[in-house]
Protein chains: 2
Amino acid sequence: MGTKERRQRQFAEREQLFLDTARELIRENGLLSLQMSRVAEKGEYAVGTLYQHFASKEDLLLALTTASSHEHLALFERVARWNASPRDRMFAIGVADKIFVQRNPEHFRIAQYALCEVVWRAASPERRQELIDAGDPIADIVVGIVNAAVAAGDLDLNGMSPEQLTIGTWALVNGTHNLVHAEGVLEDFDVREPYRLMCRHLQLLLNGYGWRPLADPADDQALDKLIDRIKDEVFHDLCCEK
Amino acid sequence: MGTKERRQRQFAEREQLFLDTARELIRENGLLSLQMSRVAEKGEYAVGTLYQHFASKEDLLLALTTASSHEHLALFERVARWNASPRDRMFAIGVADKIFVQRNPEHFRIAQYALCEVVWRAASPERRQELIDAGDPIADIVVGIVNAAVAAGDLDLNGMSPEQLTIGTWALVNGTHNLVHAEGVLEDFDVREPYRLMCRHLQLLLNGYGWRPLADPADDQALDKLIDRIKDEVFHDLCCEK
DNA sequence: ACTGAAAATTGAATCCGATTCAAAATCCGC
DNA sequence: GCGGATTTTGAATCGGATTCAATTTTCAGT
């Protein structure tokens with residue numbers, strides 16, 4: 001009597017297929033030319049079937065964003081499980097973020113669009129809730145590390161809540177992502193290593209919170225060693241690049 | 001023989017009318033339900049006439065963003081002309097930004113959407129260039145103040161260029177704007193005074209660059225006095241709020 | 001004031017792609 | 001193998017952006 005279960009499984013598999021197909025089409029042709037009929041065609045189903053899964057194009061876009069967020073969370077969870085000092089884990093969050101961007105190069109373009117009023121409002125409440133729910137545990141992990149850092153005496157929040165610090169750094173990180181992924185605007189604009197700049201500014205922010213400096217900024221070797229250690233201990237199976 | 005000139009003037013006036021009308025419709029009904037036919041109707045022209053001005057809906061959205069950016073620039077130019085220390089002028093930039101947001105409450109929602117790949121790519125190259133050009137002088141003013149601050153010994157860039165510092169702070173400011181203006185996502189999320197948080201983080205950043213603290217953070221009165229002075233000397237005709 | 005070519009304006013018709021839904025195909029317990 | 005339930009299909013519909021032929025207005029020349 002496993003019929004129902006099999007059907008559910010097949011349904012879930014097909015949803016994944018559609019998500020992968022859409023992502024591939026976006027990667028190939030850009031978000032602008034994404035068409036529901038093409039997603040269906042490339043997935044080798046009729047449009048009606050695609051609409052069994054996603055009530056609208058907007059729902060599909062939110063679902064894509066949510067799926068990426070789950071991958072994002074999975075990376076952060078490795079860090080949360082990593083048995084290391086808050087200082088090292090906070091740095092590992094940065095490494096995780098970088099790996100996430102590498103593995104989901106289109107995520108921020110899609111997310112930026114999906115969160116715009118026009119797309120957000122057009123999507124169904126259920127999909128919106130899913131996306132909200134996907135973000136919470138990601139923030140929770142960062143807040144947890146901040147709390148651990150405070151407990152370890154690495155950080156002095158000076159009356160501010162861990163959530164506030166997290167939101168503030170999120171604003172910086174997200175602003176940088178948007179800057180980097182802004183389509184075209186910056187074509188002729190020399191943004192030199194914006195992520196390195198972001199790291200520096202994060203460091204300055206954290207220093208402002210009494211964070212013990214991670215490493216002597218001039219000591220690149222110590223930094224590289226830490227990054228290698230994180231890649232080795234936390235993301236060993238994901239870091240193919242040398 | 002001023003016929004041509006008059007026609008050009010009338011054309012420009014009508015363009016302004018359409019922009020105002022569109023902004024009003026967005027304020028009333030949201031970006032999602034903006035329709036070209038409604039803009040034309042509310043402006044009391046036929047759609048064809050609207051299309052004389054804007055090649056597409058996307059062009060209209062970029063034009064709206066560009067127009068707001070010009071207002072943004074006008075506020076910053078007051079600061080640039082203000083005869084005060086770099087430190088005070090940098091603070092005045094913050095005040096200018098706040099006034100801008102108050103006077104253009106829908107700007108960031110529109111801009112966030114306009115810069116998404118989908119809208120950006122669909123717009124005409126001319127409109128895109130206009131928007132890019134509108135942003136440059138805004139950044140230049142901030143860079144100029146940063147340079148003045150370095151010259152005055154208020155700021156130690158430590159090898160970083162003023163442009164880089166400006167981009168980094170832009171990422172923080174813009175990330176905060178996006179956070180605050182994100183539609184709906186944060187409905188049930190307690191973002192306590194995100195702008196105050198941003199100011200604090202900006203302060204920390206600038207401190208990290210050796211910026212002499214603006215004021216004793218505990219000395220609210222000195223801060224309020226400075227803000228009052230800025231409103232009085234720079235924005236006297238705009239600050240209606242008590 | 002009148003005329004006709006040029007410029008501006010109009011809005012009905014077109015187009016495109018998202019979405020629907022009645023029909024056809026498939027599944028599954030008997 | 002049957003028949004009702006479920007799933008899939010894709011042609012038809014729909015909504016809104018965009019076009020463009022027809023109409024109206026403008027205005028220099030008379």
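The sequence lines fix the lettering, A, B, ..., with proteins before strands; numbering per chain opens at 1.
- Every salt bridge (charged side-chain N to carboxylate O under 4.0 Å, His left out) that A:R23 has, sequence neighbours left out, goes to A:E71.
- Counting only N and O atoms by type, the side chains of B:N104 and B:H72 include no donor and acceptor under 3.5 Å apart.
- Of the charged side-chain nitrogens involved, none lies within less than 4.0 Å of a carboxylate oxygen, so that B:E41 and B:R38 do not count as a salt-bridged pair.
- In terms of the ring pair (Phe, Tyr, Trp, His ring centres under 6.0 Å) criterion, residue partners of B:H107 (sequence neighbours excluded) are, by chain and number, B:F100.
- The distance between atom OH of B:Y51 and atom P of C:dA13, rounded to the nearest whole Å, is 18 Å.
- Put simply, CZ on A:R38 is 7 Å from P on C:dG17, counting in whole angstrom units.
- Scanning for ring pair (Phe, Tyr, Trp, His ring centres under 6.0 Å) contacts around A:Y113 gives an empty result, with sequence neighbours left out.
- Applying the ring pair (Phe, Tyr, Trp, His ring centres under 6.0 Å) test to A:F235 and every residue at least two apart in sequence or in another chain returns nothing.
- Distance, A:E41 CD to D:dT8 P: 18 Å, rounded to whole Å.
- Taken residue by residue, residues 19-36 of chain A places heavy atoms nearer than 4.0 Å to DNA chain C at A:L34, A:Q35, A:M36.
- Using a 4.0 Å heavy-atom cutoff across all strands shown, A:R6 reaches sugar-phosphate atoms only and no base atom.
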Hey, what are the protein-to-nucleotides 5-12 of chain C N/O distances that come in under 3.5 Å?
unit_1	atom_1	unit_2	atom_2	d
C:dA7	O3'	B:R7	NH1	3.3
C:dT9	OP1	B:R14	NH1	2.6
C:dT9	OP2	B:R14	NH1	2.9
C:dT9	OP2	B:R14	NH2	2.9
C:dT10	OP2	B:A46	N	3.1
C:dT10	OP2	B:T49	OG1	2.7
C:dG11	O6	B:G48	N	3.4

Output, in order, the C-alpha distance, side-chain angles, deciding distance and verdict of side-chain contact (heavy atoms from CB on, under 4.5 Å) for A:I145 and A:I93. CA-CA 9 Å; A:I145 294 175; A:I93 285 290; 3.7 Å; yes

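- Rounding to the nearest 0.5 angstrom, the gap separating the CG atom in B:L73 from the CD1 atom in B:I138 is 5.5 Å.
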